[in-house]
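What's counted below: heavy atoms across the whole structure, side chains too, no hydrogens, waters or symmetry copies. What you see is a predicted model; the values in this text were computed from it and never measured.
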Amino acid sequence: MLRIGLTGGIAAGKSLAARRLAELGATLVDADAIAREVVEPGTDGLLAVVEAFGPEVLDAEGRLNRPALGALVFNDPAQRERLNTIVHPLVRARAAERVAAAGEGGILVQDIPLLVETGQSPSFHLVLVIDAPSEERLRRMVEDRGMTEADARSRMAAQASSAERRASADVVLNNTGTREQLLAALDALWEERLVPFNQNLLAGRLAPRLGPPVLVDPQPQWPAQAALLAERIRRSDPRIMAVDHIGSTAVPGLPAKDVLDLQVTVASMADADSAAEALAAAGFPRWPGSWRDTAKPQHPEPGDWAKRLHGNADPGRAVNVHVRAAGSPGWRFALLFRDWLRADQGAAEAYVAEKRRLAALHAADPSAGRYARAKEDWFSQTADPQMNRWAEDTGWKPPALGG
């Protein structure tokens, strides 16, 4: 089952998005609704809240007086954390029950207002953020919900910033237009990305990725996207020792194809094979066939360059996942090459020039495979000797594992 985390700031339009996704066929688990359930009269949750905040948080009928509780916690971070410590574990446990009951095969959407604040982004195959400018959200709260401006600003301040939510998102939909425009964007997302993603996930299939080698200017979202995917992968299997952002998109300022390269470190190729099923379940199926990196002059034995290659089931984000054994020559090359280009502007410029030359030469290649193979001569003849001299001169070492 494809698991979607849905979030957004207060009054951004998240509830409308949740309803639309449910209408399209998603199974919806609403954290706000569950949060109300776990503090209904007679529950352990309500008892714990009353013990923590006193009987004044109850109304005349013995139900939770939410405005009274909100007045206590929204302007006091310590009190808010006290409440979260009580309610969040109860909500997560109840949500887990709902998820388990949903079965397999469909698309599950978990509507979680504090998804980013509670660090849950890597737990999902995809995180969807509904966003709107702060002033527009403030207007909606005051004019549409009847809140005071001070209360509205307090509620907004208690949540993650728009920048923090965007950094934790795979998809951001800006709800700055009409209701119909947001619904149309959700419909397109459902048909073009979520349904194919789910079908690929169920089949253990890679999303099709064809197209000639096109270099784009460096994108500011690449580091955050890579970090989110890396953490998603790292959590998928205990055999994974580290996940590093490598390749051109990991070098600030470097033009590149819009494809993220991630290196997964394992102890051995046997561990790589054992982790393959967990990686596929996390959304990263294995490419068929036997893979190895091209041997370089510093380590010419081809048998030592074995790797496993995975990709993304998500058609909306191209990713290469290179699974290599710690200490292997391919593992070392990927990390050294990245760090050398980050440190040596001249080397980075020379690499960009070579990439542009080869991209133009192979512009008609529908798979970009010939472009990738053509770069190997530059890697072996130019990059390998120069970056190893740089490593010797600077005392470069690969990052320590487990530290």
Problem set entry | Pairwise distance CG(L262) to CG(N312) - rounded to 0.5 angstrom | 9.5 Å

Exercise. Any side-chain heavy-atom pair from R286 and D273 closer than 4.5 angstrom?
Worked result: yes

Problem set entry | Atom pair NZ/NZ of K375 and K355 - distance to nearest 0.5 Å | 6.0 Å

Exercise. Would one find more than 12 heavy atoms of other residues, nucleotides or ligands at under 6.0 Å from atom CZ of R209?
Worked result: yes

Exercise. Rounded to the nearest 0.5 Å, how far does OG of S162 lie from CG of N174?
Worked result: 8.0 Å

Exercise. Which is it for D258 and W222 under the side-chain hydrogen bond (donor to acceptor under 3.5 Å, both in side chains) test, yes or no, and what are the steps along the way?
Worked result: CA-CA 9 Å; D258 189 16; W222 282 341; 2.8 Å; yes

Exercise. Among R193, R3, R317, which residue meets the side chain to side chain contact (heavy atoms under 4.5 Å, CB included) test with L126?
Worked result: R193

Exercise. Cut-off 3.5 Å, side chains only: do D261 and H322 have a donor facing an acceptor?
Worked result: yes

Exercise. Centre of F74's six-membered ring, under 6.0 Å away, within 45 degrees of the axis: is that where NZ or CZ of R80 sits?
Worked result: no

For this session: May I ask you to say whether E97 pairs ionically with R92, meaning some side-chain N is under 4.0 Å from a carboxylate O?
Result: no

Exercise. Under the criterion side chain to side chain contact (heavy atoms under 4.5 Å, CB included), which of L21, V109, L108 is the partner of L28?
Worked result: V109

Problem set entry | Pair R338-D244, side-chain contact (heavy atoms from CB on, under 4.5 Å): steps then yes or no | CA-CA 10 Å; R338 177 199 65 189; D244 291 285; 3.9 Å; yes

For this session: Assess whether side-chain contact (heavy atoms from CB on, under 4.5 Å) is satisfied between Q219 and V216, documenting all intermediate values.
Result: CA-CA 8 Å; Q219 303 297 300; V216 301; 4.2 Å; yes

Problem set entry | Any K257 side-chain heavy atom under 4.5 Å of P213 side chain | yes

Exercise. Does a donor on one side chain and an acceptor on the other come within less than 3.5 Å for R324 and Q263?
Worked result: yes

Exercise. Do E135 and R139 meet the salt-bridge criterion of a basic N to acidic O distance under 4.0 Å?
Worked result: no

For this session: Could you tell me whether E392 and R389 have a side-chain N and a carboxylate O separated by less than 4.0 Å?
Result: no

Exercise. Salt bridge check: are R373 and E376 linked by an N-O gap of less than 4.0 Å?
Worked result: no

For this session: Using modelled atom types only, decide if a donor and an acceptor are shared between the side chain of T43 and the backbone of V38 within a distance under 3.5 Å.
Result: yes

Problem set entry | From I10 atom CD1 to S154 atom OG, the distance as rounded to the nearest 0.5 Å | 9.5 Å

For this session: For the pair R66 and R36, evaluate side-chain contact (heavy atoms from CB on, under 4.5 Å) and give the outcome as yes or no after the intermediate values.
Result: CA-CA 10 Å; R66 294 182 179 279; R36 290 189 290 271; 3.1 Å; yes

Problem set entry | salt_bridge(R140, E136) N-O dist < 4.0 Å | yes

For this session: Kindly compute the distance separating CD (Q225) from NE2 (H245), expressed to the nearest 0.5 Å.
Result: 9.0 Å

Problem set entry | Steps toward side-chain contact (heavy atoms from CB on, under 4.5 Å) verdict (E40, R63) | CA-CA 7 Å; E40 285 292 314; R63 305 181 69 85; 2.6 Å; yes

Exercise. Taking the six-membered ring of W305, is NZ or CZ of K296 closer than 6.0 Å to its centre and within 45° of its axis?
Worked result: yes

Exercise. Are any of the side-chain nitrogens in D304 or R292 under 4.0 Å away from the carboxylate oxygens of its partner?
Worked result: no

Exercise. Would you call D111 and K14 a salt bridge, taking side-chain N to carboxylate O under 4.0 Å as the test?
Worked result: yes

Exercise. Do N388 and R332 have side-chain N/O donor and acceptor atoms under 3.5 Å apart?
Worked result: yes

For this session: Measure the spacing between CG of D344 and CD of Q386 and express it to the nearest 0.5 Å.
Result: 7.5 Å

